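Please read the structure below before turning to the comments.
Heavy-atom basis, side chains included; hydrogens, waters and symmetry copies ignored. As the structure is a prediction and not an experimental result, all values here were calculated from the model.
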Amino acid sequence: MRAAVMIGSSIEIADLPDPTPKAGQILVKPLFTGICGSDLSLRKQMVEAQSALPKDQYDLLPRIVPGHEFSAEIVDIPKGVSTSLRVGERVTGLPFSHNHEGMQTIGLSPDYSGGLASLSCFDAERCFKVPSSVSNDLAALTEPVSVGLHAANLANRSNGPAMVIGCGPVGLAVIMALKLSGRGPVMAADFSAERRAIAEAMGADIVINPAETSPYERWDDLKPDLHPPSPLLEREFRGRPSGVNIFECTGVQGVLNQVVTSAPPHSHIVVAGVCPHNETVTPLEAIIRELTLEFSFAYRPEEFKTALSMIEAHPDTALKLISSRRPLQETAAAFDALAKEPSEVKILINPQA
């Protein structure tokens with residue numbers, strides 16, 4: 001098979017042996033594969049690993065075929081695999097498997113190659129058949145849309161106003177999930193004019209450029225129904241106090257502290273951005289305003305299925321997430337563009353091109 005292989009700081013297109021499905025897996029042909037923030041984070045870690053080694057030890061670096069969000073066509077179903085799926089059908093799936101060491105993520109593990117290749121494998125029980133009306137590129141969005149849907153579902157203290165900080169794929173998927181479920185109003189903030197435009201097209205009610213005005217000073221624009229820091233101050237208070245649902249989707253250092261410091265009382269903060277560094281917050285800031293701080297990881301299988309249904313029902317909305325489509329040969333350039341070009345949102349790679 002042809003595959004994009006990440007080795008240290010490089011991403012090379014190479015011919016590799018075809019993957020052999022493990023127990024319970026099916027062999028698939030990726031049709032479109034998305035690049036996401038987790039892939040960029042993986043590359044950063046690989047670069048750091050390379051810099052820690054002398055050149056004569058570079059052969060010790062792991063070789064990873066990335067790509068964990070993809071649509072595919074079934075090529076082979078090994079004997080003994082129980083599934084209602086058939087060869088030739090299109091699928092997408094949860095990019096998770098497991099071995100004796102525990103859960104493994106397809107495309108983020110050297111032992112489980114991902115969708116940036118002409119062939120890959122899915123666990124049959126974690127696959128979902130793609131409806132005939134859903135195109136190959138839109139089907140590849142199921143995984144990132146699921147991430148946003150799960151984050152939106154976690155914010156369950158109130159159906160009231162929401163702030164989405166960062167309008168990358170995760171933030172935009174959160175906006176999509178909120179608006180399609182009738183929640184809001186939604187305020188969105190991002191430095192990129194292109195991403196703000198997409199957020200507005202997806203239904204964001206208020207869009208902010210942080211270079212011009214701080215989103216942390218605009219809570220009143222959402223007209224939240226606020227209570228004093230403690231409901232004990234209200235003699236006849238009943239029920240659950242409502243605040244703002246705040247989604248931190250950037251992973252940028254220092255943003256979480258700014259949110260905690262400025263959020264209105266009883267707000268629910270959901271952290272969905274990839275944040276591999278240490279963060280500092282002052283718990284008292286959250287205590288005196290009874291903030292809820294929650295962290296969002298991946299999604300549930302039923303949310304994955306719901307996300308695919310959302311894409312089927314609202315293809316024009318989902319299509320706004322895609323900023324470009326490129327052949328496998330341009331994978332390295334696509335990684336660089338996604339890291340450096342704010343106009344890029346979701347780059348899809350066609351491994352068969």
For the side chain of Thr282 and the backbone of Leu284, is there at least one donor-acceptor N/O pair under 3.5 Å apart? no
Check the pair Met46 / Ile64 against side chain to side chain contact (heavy atoms under 4.5 Å, CB included), numbers first and verdict last. CA-CA 10 Å; Met46 298 281 276; Ile64 295 180; 4.3 Å; yes
So, are Glu200 and Arg196 salt-bridged, with charged N and O less than 4.0 Å apart? no
Quick one: does Leu141's side chain get under 4.5 Å of Ile311's, heavy atoms only? yes
State, yes or no, whether a side-chain contact exists between Asp336 and Arg43 at a heavy-atom distance under 4.5 Å. yes
dist Ser146:OG -> Met310:CE (nearest 0.5 Å) comes out at 8.5 Å
Does a sphere of radius 6.0 Å around CD in Gln57 hold more than 12 heavy atoms from other residues, nucleotides or ligands, not counting ones at 6.0 Å or beyond? yes
Thr261 side chain to Gln258 backbone, donor-acceptor under 3.5 Å: no
Quick one: does His150's side chain get under 4.5 Å of Leu154's, heavy atoms only? yes
May I ask you to check whether Ser97 and Gln104 show a side-chain donor-acceptor distance below 3.5 Å? no
Heavy-atom pair of closest approach, residues Cys249 and Ala272: SG-CB, 4.3 Å
Give me the atom names and distance for the closest heavy-atom approach of Ala124 to Leu85. O-CD1, 4.4 Å
Under 3.5 Å, is there a donor-acceptor pair between the side chain of Arg195 and the main chain of Pro342? yes
Hey, what do you get for CD1 (Ile26) to CZ (Phe122), rounding to the nearest 0.5 Å? 8.0 Å
Treating Ile, Leu, Val, Met, Phe, Trp and Tyr as nodes and any side-chain heavy-atom pair under 4.5 angstrom as an edge, say whether Val134 and Met176 lie in one connected cluster. yes
Find the distance between CG (Leu119) and CG (Asp18) and round it off to the nearest 0.5 Å. 5.0 Å
Validation row: Asn156, Asn153 side chains within 4.5 angstrom (heavy atoms): no
Quick check against the 3.5 Å criterion: does Lys320 have a side-chain atom that pairs as donor or acceptor with the backbone of Asp316? yes
Examine distances only and state if a side-chain atom of Gln253 and a backbone atom of Asn278 form a donor-acceptor pair shorter than 3.5 Å. yes
Under the side chain to side chain contact (heavy atoms under 4.5 Å, CB included) criterion, do Leu53 and Tyr58 qualify, and how do the steps go? CA-CA 7 Å; Leu53 290 175; Tyr58 280 3; 4.3 Å; yes
Exceeds 12 heavy-atom contacts within 6.0 angstrom, atom CG of Asp220: no
Does the pair Met187 and Trp219 meet the rule for a side chain to side chain contact (heavy atoms under 4.5 Å, CB included), with working shown? CA-CA 9 Å; Met187 181 186 294; Trp219 303 114; 6.0 Å; no
Please answer: with hydrophobic residues joined when any side-chain heavy atoms are less than 4.5 Å apart, are Leu172 and Leu338 in the same cluster? no
Verdict with supporting geometry, Glu294 and Ser296, side-chain hydrogen bond (donor to acceptor under 3.5 Å, both in side chains): CA-CA 7 Å; Glu294 191 160 5; Ser296 179; over 6 Å; no
Nearest atoms (heavy-atom pairs only) where Phe247 meets Ala155: CZ-CB, 3.6 Å
Transitively linked via ILVMFWY side-chain contacts under 4.5 Å: Val271 with Val186? no
Is any side-chain heavy atom of Gln25 closer than 4.5 Å to a side-chain heavy atom of Tyr112? yes
Sidechain-backbone polar pair: Asp123 side chain, Glu125 backbone, donor-acceptor under 3.5 Å: no
Find out if a path of hydrophobic residues (ILVMFWY) with successive side-chain heavy-atom gaps under 4.5 Å connects Leu31 to Leu328. no
Quick one about Arg90 and Asn136 (side-chain donor to acceptor, distance below 3.5 Å, no hydrogens or angles considered), yes or no? yes
Once you round to the nearest 0.5 Å, how far does CZ of Phe32 lie from CG of Leu138? 10.0 Å
Look only at the side chain of Thr292 and the backbone of His268, and say whether a donor-acceptor pair between them is shorter than 3.5 Å. no
Please name the pair of heavy atoms, one in Val345 and one in Ile198, separated by the smallest distance, quoted to 0.1 Å. CG2-CD1, 3.7 Å
Nearest heavy-atom pair of Leu308 and Lys129: which atoms, and what distance? CD2-O, 3.7 Å
Quick one: do Ile269 and Ile208 end up in the same hydrophobic cluster if we chain Ile, Leu, Val, Met, Phe, Trp and Tyr together by side-chain heavy atoms under 4.5 Å apart? yes
Minimum heavy-atom separation for Ser343 to Ser192, with atom names? N-OG, 4.4 Å
Nearest 0.5 angstrom please: Asp39 CG to Leu108 CG, how far? 6.0 Å
Ring-plane angle category for Tyr299 and Phe304, please: parallel below 30°, perpendicular beyond 60°, tilted otherwise. tilted
So Leu116 and Phe335, do their side chains get closer than 4.5 Å, heavy atoms only? yes
Side-chain donor or acceptor of Glu48 paired with backbone N/O of Gln45 under 3.5 Å: no
Apply side-chain hydrogen bond (donor to acceptor under 3.5 Å, both in side chains) to residues Glu344 and Ser324 and explain how you reach the verdict. CA-CA 7 Å; Glu344 291 286 8; Ser324 63; 3.2 Å; yes
Verdict with reasoning, Leu256 to Thr280, per side chain to side chain contact (heavy atoms under 4.5 Å, CB included): CA-CA 8 Å; Leu256 181 58; Thr280 300; over 6 Å; no
I'd like to know if the side chain of Lys179 and the backbone of Ala204 have a donor-acceptor N/O pair within less than 3.5 Å. no
Got Val244 and Leu222 here, is their nearest side-chain heavy-atom distance under 4.5 Å? yes
Is the backbone N or O of Glu285 less than 3.5 Å from a side-chain atom of Arg289, with the two atoms forming a donor-acceptor pair by type? yes
CD1 on Ile175 to CG on Leu180, rounded to 0.5 Å: 11.5 Å
Return yes if a side-chain donor-acceptor contact under 3.5 Å exists between Glu290 and His266, otherwise no. yes
Taking atom NZ of Lys22 as the centre, report whether more than 12 heavy atoms of other residues, nucleotides or ligands fall under 6.0 Å from it. yes
4.5 Å side-chain heavy-atom contact, Gln352 and Lys29: yes
